[in-house]
Amino acid sequence: MDILDGLNDAQREAVTVTQGPLLILAGPGSGKTRVIVYRVAYLIKVCGLSPRRILAVTFTNKAAREMKERLNQLLPGSAQELTVGTFHAFCARVLRTQGQHIGLDHNFVIYDDEDQLNLVKRSLLDLNLDPKHYPPRPILSAISAAKSQLQSPEDFAQGVSTYHQEVVRRVYTRYQELLRESKGVDFDDLLMQTVLLFQSQPSVLESYQSRYLHILVDEFQDTNIVQYLLAKQLAAKHQNLCVVGDPDQSIYSWRQADLRNILNFEKDYPQVRVVYLEQNYRSTQNILQLAQHVIASNQQRKPKNLWTLNPSGTPITMVQAYNEDEEAQFVISEVERLMKDGFQPKDCAVMYRVNAQSRSLEEAFLRYGMPYKLVGGIRFYERREVKDIIAYLRLIHNPYDNLSLARVINVPGRGIGTRTVEQLFAWARQKGLPVYTALQLLAQAEEGREEELNIAQAPSLAPRSHRALMGFLNLANELMTQGDTLDVLSLMDLILEKTGYREYLLEAGNEGEERWDNILELRSVAREHAHLPPQEGRASFLESVALVSDQDELDVTANAVTLITLHAAKGLEFPVVFIVGMEEGLLPHFRSLDDVAQLEEERRLCYVGMTRAKKELYLVRALRRSLIGSSGPTLTSRFIKDLPSNLVRYRREGEERKVAVPSRPAPRPTTTFSAGDRVRHSRFGEGVVVNCTPARGDQEIVVAFKGPAGIKKLLLSFAPLEKVP
DNA sequence: CTGGCAGCGATTTTT
DNA sequence: TCGCTGCCAG
């Protein structure tokens, strides 16, 4: 078989032009992923390249996984040796093996967003600055922006002209000190330090340059300056840098993504070959035309000429609901109607600007018993209980990690209050020691060796506080000793046992069970690293939890409607898409209203959402909406004003709809199942329940059927299951 | 030191 | 509406 079969001319060019820099401008639904996978396959199969000589950078871990899978289907076994991953994951690997050149500890921890914010708060505290006056979040953004442009605190100081910038400079300086003391690396450092490493160690850079003959960067429109510099460094030797992107789908400028990268690319590589992928394979003509109409209003863009051979399809449906409840109701009744046309719940997605909008939707879906899966929201690794346990593991792995120590020193509560913690930290800082070491010193002071150790100025603590601190120290010591021999799963169990974490959660109240379930989930992640030696297993576990955001894949087997933010929907497609909240202030979001560039990004966001739809697109707005407590009238989004009348039809929610809404009271699961139960399904026959997990007012059940159905994941509220005695 | 409560303020998107 | 902070009582 020929790899090039089934590609159109432009796609073929994108696959076969292998020498030199290549810029692929790919419209939505133009087969972009396919092109990337085929290009890699072509390099291997036709050009005879070893997969180890190829580096492919994706935007998400999920995209990386999908790419590997698709490549493996095309060329079985070839994906193993390929380097595929996000910039962050790639950099983490580089720094882990080469970081010592720039003074990085081998066991450095990776700090995520929340950790970063805590560091900023601590920095403010250390500098005697009031967080009320200087809100941490914007300061962190400023620091992050500086790092994304490779600015050290000293570089940043050059450009300081206002008092506020001076505050940022001071915080940034202290922030970096704290990072270094904790032997930690934040998200931005992963990228920045790698570039600095390559700059200062040409031989290290050279080894990577030589290895990677070809470099591919996906979602190039969402890269920031540092990421681009990195790609440039790596490709400097062979110049085989292929970047793929679509400026119209750039929606991450707030994360320092910089559209100039695309312009700079053409400037930095004058001999660049540019390929346009303009044929759309995804959407109906109506949908594509409407999306084009909407995006055409942006001034800062290169016009594209997208086209499709797909049928024109049905018109886009414009709906006005009274309020957000009716909006949700409309979506549900429409899904029900579509099901009569042969669509399934899993074919449908509801997209919105802000996560807060998911609430009214969720409530309605629960009330009407329509199955749904919520993407985003509070992510697994951001849950308090999960982060607590991870913090314990981090501390054991890296005793310098003051941030993690601060997090767990009184969790579960052991009588160490903020006052005591502050004293301890101040003392450690004064002595120039990591807090953990300071604690050990304190313990020795207790043994009456003060003179000898010259630590007379130890903080004067109440005996009770002192005892509490020693209790924590003993716990930490024991965990660290055991950590030398226990695999990461056993160590986690020891932590849970020694801290009485389960009891702590269950005492906390009604959500305790759910929280404990999350811990169990975390255990199963740890289990994947349990076969490794203690140190190594811990390291790989910690790294995977730091860099993987969405541990649970969007479950494709569940037949449920997807609720998702417009940002998170990028890269996905659905037969039916509802975009809700098409109102001024929501889309475009009110924070973007006073800035042309930001407004254009909002429009792109809208465009991204529209182009996810294959067959049916609904644009829904509410006449009244309560967002933060108060409710008020709304205005139609400027993005959907004056749409071509041949493409849309207007429908008012409330007339015949109401009747169609099934007022069946939530078929709330009456029976519950547990692993081991024997069950019967009306279609799949008899089987045994393998696993049950609670899922948002529902239960997800994994059943192993005796028949040919095999193993299935089912939603309790939806599946016709009954217990067999 | 902890836990409860009142008042306040601020609301985006996330690798 | 919610989540955080600060204050107060035990």
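Residue numbers begin at 1 in each chain, while the letters A, B, ... track the order of the sequences. Since this is a predicted model, take the numbers as computed values, not measurements. Excluded from the calculations below are hydrogen atoms, water molecules and symmetry mates; all remaining heavy atoms, backbone and side chain alike, are included.
- Judged purely by atom type and a 3.5 angstrom limit, A/Q357 uses its side chain to pair as donor or acceptor with the backbone of A/V354.
- Distance A/R359 CZ to B/dT11 C1': 14 Å, rounded to the nearest Å.
- The nearest whole Å value for the distance from the CD atom in A/Q357 to the P atom in C/dT1 is 17 Å.
- Using a 4.0 Å cut-off between charged side-chain N and carboxylate O, A/D388 and A/R383 make no salt bridge.
- One finds no side-chain N or O of A/N355 lying less than 4.0 angstrom from the OP1 or OP2 phosphate oxygen of B/dT12.
- In this model, the phosphate group of B/dT2 is approached by a side-chain N or O of A/N410 to a distance below 4.0 Å at OP1 or OP2.
- Under 4.0 angstrom from either OP1 or OP2 of B/dT12 there lies no side-chain N or O belonging to A/S592.
- In this structure, A/Y252 forms no aromatic stack with the base of B/dT14, since the conditions of centre separation below 5.5 Å and plane angle below 30° are not both met.
- Residue A/R137 places no side-chain N or O under 4.0 Å from the OP1 or OP2 atom of B/dT12.
- Following rounding to the nearest Å, A/W254 (CH2) and B/dT11 (P) show an atom-to-atom distance of 15 Å.
- When the P atom of B/dT13 is taken as reference, atom CD of A/E219 falls 19 Å away, rounded to whole Å.
- Comparing B/dT13 with C/dC4, their P atoms sit 15 Å apart, to the nearest whole Å.
- Note on A/T565: every side-chain N or O is 4.0 Å or more away from OP1 and OP2 of B/dT12.
- If you check B/dC1, B/dT13, C/dC2 against the side chain of A/T420, the one that comes closest is B/dC1.
- Across all strands, A/L605 comes closer than 4.0 Å to no nucleic acid atom at all (heavy-atom distances).
- With A/S637 contributing its side chain and A/E584 its backbone, the two residues share no donor-acceptor pair below 3.5 Å.
- Minimum atom distance to the side chain of A/R591 is reached by B/dT11, of the listed B/dT11, B/dT14, B/dC1.
- Using bins of under 30°, 30° to 60° and over 60° for the plane-to-plane angle, the ring pair A/F59/A/Y252 lands in the tilted bin.
- Here C/dG3 presents its P atom at 13 Å from CZ of A/R383, a figure rounded to the nearest Å.
- A salt bridge between A/R301 and A/D248 is present, with a side-chain N of the basic residue lying under 4.0 Å from a carboxylate O of the acidic one.
- The neighbour count for A/R464 CZ, taken as heavy atoms of other residues, nucleotides or ligands under 6.0 Å away, does not exceed 12.
- Per the geometry, CG belonging to A/D113 stands 13 Å off P belonging to B/dT12, to the nearest Å.
- Checked against B/dT14, B/dT12, B/dC1, the side chain of A/S465 finds its nearest nucleotide in B/dC1.
- The 5' end of DNA chain B is approached more closely, in terms of each residue's nearest nucleotide, by A/G413 than by the other of A/A356 and A/G413.
- B/dT12 atom P lies 13 Å from atom CD of A/Q598, rounded to whole Å.
- Where A/V421 and A/R353 each meet DNA chain B at their nearest nucleotide, the meeting point lying more 5' is that of A/V421.
- In this structure, OH of A/Y134 is placed 18 Å from P of B/dG9, rounded to the nearest angstrom.
- Counting non-hydrogen atoms under 4.0 angstrom, A/F87 reaches nothing in the nucleic acid.
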